[in-house]
Amino acid sequence: MSKRVFLNTSAVQYLYQLGLLHLIRDLFGKAYVPNEVYQEIEAGRKEGVELPDLKGETAVILLGLEHPDSLVILDDRLARKVARELGVKVIGTSGILIAAKKKGLIESVKAYLDKLRDLGFYLAPKHRAAILKEAGEVG
């Protein structure tokens, strides 16, 4: 895929904790992690902090603006809203799971949403329902 993909901290963190970080390579071939995101991850490792500040989100959005054909991976609701308002194409961790299921890389989005919830990843019930519907897991 020729499109540039830029990852934010939360996507790296949650996909890693799910054992699914390889999905980025499987779905996109190559992805870029801005230095600010790398620094957040390193700081989190050293301090045990699980919640990043907005520095990584800002860097990812700016890279998305610099590369109009790119895709940014963000989970923070406000950051996603800002990115969309600026015309940046956005996907989140749950979007990665949907894409992976559609390509046959995982069997169940619901199982991973449950694990994400256990890790502290918040999804409003209506968003969870929409994600499961898109994944074809609502009966």
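The structure presented is a predicted model; accordingly, all values stated were derived computationally and were not measured.
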Engineer: Might you confirm whether atom NE2 of H127 has over 12 heavy atoms from other residues, nucleotides or ligands at distances under 6.0 Å?
Structural biologist: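 Count not over threshold, so no.
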
Engineer: Less than 4.5 Å apart, any side-chain heavy atom of L123 and any of L116?
Structural biologist: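 A side-chain contact is absent here, since even the closest heavy-atom pair is not under 4.5 Å.
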
Engineer: Do P34 and V60 have side-chain heavy atoms sitting under 4.5 Å apart?
Structural biologist: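 Touching, per the 4.5 Å side-chain cut-off.
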
Engineer: If I take atom NZ from residue K81 and atom CZ from residue R84, how far apart are they, to the nearest 0.5 angstrom?
Structural biologist: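 The NZ atom of K81 sits 11.0 Å away from the CZ atom of R84.
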
Engineer: So how far is it from L23 CG to Y112 OH, rounded to the nearest 0.5 Å?
Structural biologist: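 OH of Y112 is found 7.5 Å from CG of L23.
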
Engineer: Closest heavy-atom contact between A135 and I98?
Structural biologist: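 Shortest heavy-atom contact: CB-CG1, 4.3 Å.
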
Engineer: Given 3.5 Å as the limit, does a donor-acceptor pair link the side chain of R4 with the main chain of S70, or not?
Structural biologist: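 Between the backbone of S70 and the side chain of R4 there is no qualifying donor-acceptor contact (under 3.5 Å).
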
Engineer: Could you tell me if the side chain of V72 sits less than 4.5 Å from the side chain of L63, heavy atoms only?
Structural biologist: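 Side-chain contact under 4.5 Å: no.
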
Engineer: If I compare all heavy atoms of R80 with all of I91, which pair ends up nearest, and what's the gap?
Structural biologist: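 Closest approach of R80 to I91: NH1-C, 3.4 Å.
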
Engineer: For the CD atom of E66 and the CZ atom of F6, what is their distance to the nearest 0.5 Å?
Structural biologist: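 With rounding to 0.5 Å, CD (E66) is 7.5 Å from CZ (F6).
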
Engineer: Give a yes or no on whether R117 atom CZ has more than 12 heavy-atom contacts from other residues, nucleotides or ligands under 6.0 Å away.
Structural biologist: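 Buried by this count: over 12 neighbours within 6.0 Å.
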
Engineer: Please determine which of I73, L20, D75 meets the side-chain contact (heavy atoms from CB on, under 4.5 Å) test together with I96.
Structural biologist: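 Per the side-chain contact (heavy atoms from CB on, under 4.5 Å) rule, the option paired with I96 is I73, out of I73, L20, D75.
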
Engineer: Below 4.5 Å, heavy atoms only, C-beta onward: do I61 and L74 meet side chain to side chain?
Structural biologist: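 Yes, their side chains come closer than 4.5 Å.
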
Engineer: Just verifying a value: how many Å separate K30 NZ and R25 CZ, rounded to the nearest 0.5 Å?
Structural biologist: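 Here the rounded value is 13.5 Å.
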
Engineer: For F121 and Y14, take the angle between the two ring planes, folded into 0 to 90°, and tell me which bin it lands in: parallel under 30, tilted 30 to 60, perpendicular over 60.
Structural biologist: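 If you compare the ring of F121 with that of Y14, the planes turn out perpendicular.
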
Engineer: Would you say V82 and T58 make side-chain contact, with heavy atoms under 4.5 Å?
Structural biologist: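 The answer is no; the side chains never approach within 4.5 Å.
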
Engineer: Tell me whether E85 at atom CD has more than 12 heavy atoms from other residues, nucleotides or ligands lying less than 6.0 Å away.
Structural biologist: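 Yes, enclosed.
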
Engineer: Can you tell me how far apart OG (S94) and CD (E134) are? Round to the nearest 0.5 Å.
Structural biologist: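 Answer for the OG-CD pair, S94 versus E134, is 8.5 Å.
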
Engineer: Working to the nearest 0.5 angstrom, can you tell me the gap between I131 CD1 and L97 CG?
Structural biologist: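 It comes to 8.5 Å.
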
Engineer: Give the minimum heavy-atom separation between K89 and K3, together with the two atoms involved.
Structural biologist: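 Here K89 and K3 meet closest at NZ-NZ, 3.4 Å.
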
Engineer: Are E137 and R128 ion-paired here, with the side-chain N under 4.0 Å from a carboxylate O?
Structural biologist: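 Salt bridge between E137 and R128, a charged N being under 4.0 Å from a carboxylate O: no.
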
Engineer: Going only through I, L, V, M, F, W and Y residues with side-chain contacts under 4.5 Å, is there a path from L65 to L78?
Structural biologist: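 Same hydrophobic cluster.
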
Engineer: Under the salt bridge (Lys or Arg N to Asp or Glu O under 4.0 Å) rule, collect the residues that match up with K110, sequence neighbours excluded.
Structural biologist: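 Only D114 meet the salt bridge (Lys or Arg N to Asp or Glu O under 4.0 Å) criterion with K110.
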
Engineer: Are the side chains of Q13 and Y16 in contact, using a 4.5 Å heavy-atom criterion?
Structural biologist: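 When only atoms from C-beta onward are counted, Q13 and Y16 do not touch, as no gap falls below 4.5 Å.
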
Engineer: Do V37 and L7 have side-chain heavy atoms sitting under 4.5 Å apart?
Structural biologist: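 They are not in contact (no side-chain heavy atoms under 4.5 Å apart), so the answer is no.
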
